[in-house]
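Reckoned from all heavy atoms, side chains included, excluding hydrogens, waters and symmetry mates.
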Amino acid sequence: MTRPAEILDRTDQRKKHVPILKNFIGGASVAARTADSLPVTNPSTGEEIAVVPLAAAADVDAAVRTAHAAFGAWSATPIKERAQVFYRYKSLMERDARQLAALVHEENGKVMSEAAAQAEKAIEVTEFACSMPQLAAGEILEVSRGVECRVDRYPLGVVASITPFNFPNMVPNWTIPNALVLGNTMVLKPSEQVPLSSMRIADLLKEAGLPDGVFNVVHGSQAVVEAICDHPGIEAVTFVGSTRVAKIVYARATSRFKRALCLGGAKNHLIVLPDANEEMTASNVAASMSGCAGQRCMAASAMVAVGEVDNIIKRLCEEARKIIPGKNLGAVISKQAKERIERYITEAERDGAKVLVDGRNAIVPGMEGGYYVGPTVVDFVRPEMKIAQEEVFGPVLAIIRAKTVDDAIRIENSSPYGNAASVFTQSGGMARYVIERVSAGMIGVNIGVPVPREPFSFGGWNDSKFGACDITGKSSIDFFTKLKKTTTKWNPESQANWMS
Ligand code: NAD
């Protein structure tokens, strides 16, 4: 069928303005060796903003060979010089903070203040990476008279970083500065849903003076991830995403004898005790469940209400109603995500839960094509319901009632996840009791989003993380380096002992 001339023109014009992304290999944009691609949409409007190639194993191989070639000179560059590149990178991120945030807003749907906050976190990680010369220094000790032992850290080689859609700038920057300052080279595989920020990161690293080939980007989805896991030239893989894929990547990468650290999904429980401060608890819980449209692995997903806390729930609902889609609440990533989130609410309601604040069918005037879900509070959720057990990944809070703090801890402990948990109380003793018993890697006391700030490291427990070490902070130094132990004796008068 011939299309009317007007539609043809509009389509062709649109195509002209929608950039087709390329991989970034060896310091240059390189077309992917594939005809497969996907549209990238702006979740706030539903409009197509770019086309991302779904690269093939050959593209991964080209990137790994380039990163391998760059490794020799980069790893031989003194760490203090490597850190200088990241001082400049930090300044460039600060210079371009607004544009970086605008790009995240465009491809991910976060509101500008949230997009700016995640860029701030990327800057903080980079700041930390600049202190690697102090933190990653080796150790030396005279272990017997005239005999010394020294331990030096060595980079691993080419490492791969596979990232999710929810923090297009921050999560890649969890690994880039630390891994590279420590002397590794990298292949980044960003989420195909938000590939634009990684290209800006590549540009800024180049402008900061990072040698070509040290940092590379290959776009795509499952096939690229599988090629990364299988490639013999890659020494280590970090992954951040859902638990289902984290398990696949961890199993596949380690079966190829790679070091792997795979962060998965979450179901974070906020335990609210009757003595909790009403105002502070309500505003913290509301911000935690709705911030970034609930699409963060640290979001409050379940609130375990212990005893009589109806005053706090009432206040929480008031706070939730102040959160307006399109104003202080961003879009969720896709139409499918919106449908999935709304399905959880509808099923919970059908199974007897009570929807106190209902965010279904949210429409933002002027942005009718956007994928919005309003803040939603669902009370009287039973622990066996799907909304209580699975990661919803939307601005939805399930309230589960518990009679005692031990019941609340049992509910938290029964989750297979273990990213974060929080307790709201004014009793230090009670807080300590809960901290010691919840099964999660990051704990908050009267804090809704207990993200550890640098130099502390980020990482959960249980099905929220597979592999040793955490992904940021001091723990990442162990992941991204290997230790060489050298024992030295120069003088004949050195003490002889059992190992001489
Ligand atoms: P996802 O698991 O769907 O995708 C993550 C990455 O894996 C993407 O780059 C994607 O292309 C790739 N991928 C997808 N399916 C694959 C497959 N079958 N085989 C190989 N690779 C595949 O995750 P997402 O939807 O992009 O992100 C949301 C998830 O990430 C949530 O579960 C969230 O909790 C989690 N997350 C966790 C943390 C954390 O620190 N634990 C941080 C951010 C996000």
- [ ] Apply salt bridge (charged side-chain N to carboxylate O under 4.0 Å, His left out) to Asp36 and list each qualifying residue two or more places apart in sequence or on a separate chain.
- [x] none

Open item on the list: Has His105 got a side-chain atom pairing as donor or acceptor with Lys110's backbone, closer than 3.5 angstrom?
Closed with: yes

Task: Test item: side-chain donor near acceptor, Ser301 and Lys267, under 3.5 Å - done: yes

Open item on the list: Please evaluate residues Ser161 and Thr175 with respect to the criterion side-chain hydrogen bond (donor to acceptor under 3.5 Å, both in side chains), reporting the C-alpha separation (whole Å), side-chain torsions for both, the decisive distance (0.1 Å), and the verdict.
Closed with: CA-CA 7 Å; Ser161 179; Thr175 53; 2.8 Å; yes

TODO: Can you tell me which residue pairs pass the salt bridge (charged side-chain N to carboxylate O under 4.0 Å, His left out) test with a partner in residues 241-251, sequence neighbours excluded?
DONE: Lys247-Asp463

Task: Beyond-backbone contact of Arg82 with Leu180, side-chain heavy atoms, under 4.5 angstrom - done: no

- [ ] Salt-bridge test for Lys465 and Asp470: reply yes if a basic N is under 4.0 Å from a carboxylate O, no otherwise.
- [x] yes

TODO: Flag the pair Ile271 / Val306 as yes when at least one side-chain heavy-atom distance between them is below 4.5 Å, and no otherwise.
DONE: yes

TODO: Can you sort out the partners of Phe380 under side-chain contact (heavy atoms from CB on, under 4.5 Å), two or more places apart, ordered by chain and number?
DONE: Lys354, Arg401

Task: Electrostatic pair Asp406-Arg437, nearest N-O below 4.0 angstrom - done: no

Open item on the list: Between Asp407 (side chain only) and Ala402 (backbone N and O only), is there a donor and an acceptor less than 3.5 Å apart?
Closed with: no

TODO: Please list, chain by chain and in numerical order, all residues satisfying side-chain contact (heavy atoms from CB on, under 4.5 Å) with Ala440, sequence neighbours excluded.
DONE: Glu412, Ala421, Ile443

Task: Note: Lys386-Glu347 ion pair, threshold 4.0 Å (strictly below) - done: yes

- [ ] For the pair Phe393 and Phe165, name the ring-plane relationship: parallel under 30°, tilted 30 to 60°, perpendicular over 60°.
- [x] perpendicular

Open item on the list: To the closest 0.5 Å, what do you measure between CD1 (Ile409) and OG1 (Thr404)?
Closed with: 8.0 Å

Open item on the list: Using 0.5 Å steps for rounding, measure from the CG atom of Leu263 to the OG1 atom of Thr163.
Closed with: 12.0 Å

Open item on the list: So that I can tick it off, tell me whether Lys338 and Glu342 are bridged by a salt bridge, with the cut-off set at under 4.0 angstrom between side-chain N and carboxylate O.
Closed with: yes

Open item on the list: We want to know whether Asn184 and Tyr154 form a side-chain donor-acceptor pair, criterion being a heavy-atom distance below 3.5 angstrom.
Closed with: no

Open item on the list: Nearest 0.5 angstrom please: Met132 CE to Arg153 CZ, how far?
Closed with: 9.0 Å

Task: Ala56: partners by side-chain contact (heavy atoms from CB on, under 4.5 Å), with sequence neighbours left out - done: Asp59

Open item on the list: I'd like to know if Glu114 pairs up with Arg296 as an ion pair, taking the criterion as any Lys NZ or Arg NE/NH1/NH2 lying under 4.0 Å from an Asp or Glu carboxylate oxygen.
Closed with: no

Task: Arg360 vs Thr376, side-chain hydrogen bond (donor to acceptor under 3.5 Å, both in side chains): CA-CA, chis, key distance, verdict - done: CA-CA 8 Å; Arg360 285 171 288 185; Thr376 301; over 6 Å; no

Open item on the list: Taking Arg65 first and then Asp61, would you say they form a salt bridge - that is, a charged N and a carboxylate O separated by under 4.0 Å?
Closed with: yes

Open item on the list: Rounded at 0.5 Å granularity, tell me how far CD1 in Ile471 sits from CG in Asn178.
Closed with: 9.5 Å

Open item on the list: What I want to find out is whether Glu124 reaches Arg453 closely enough, with some N-O distance under 4.0 Å, to be called a salt bridge.
Closed with: yes

Task: Donor on one side chain, acceptor on other, Glu391 and Tyr417, under 3.5 Å - done: no

TODO: Could I get the full list of salt bridge (charged side-chain N to carboxylate O under 4.0 Å, His left out) partners for Lys482, not counting sequence neighbours?
DONE: none

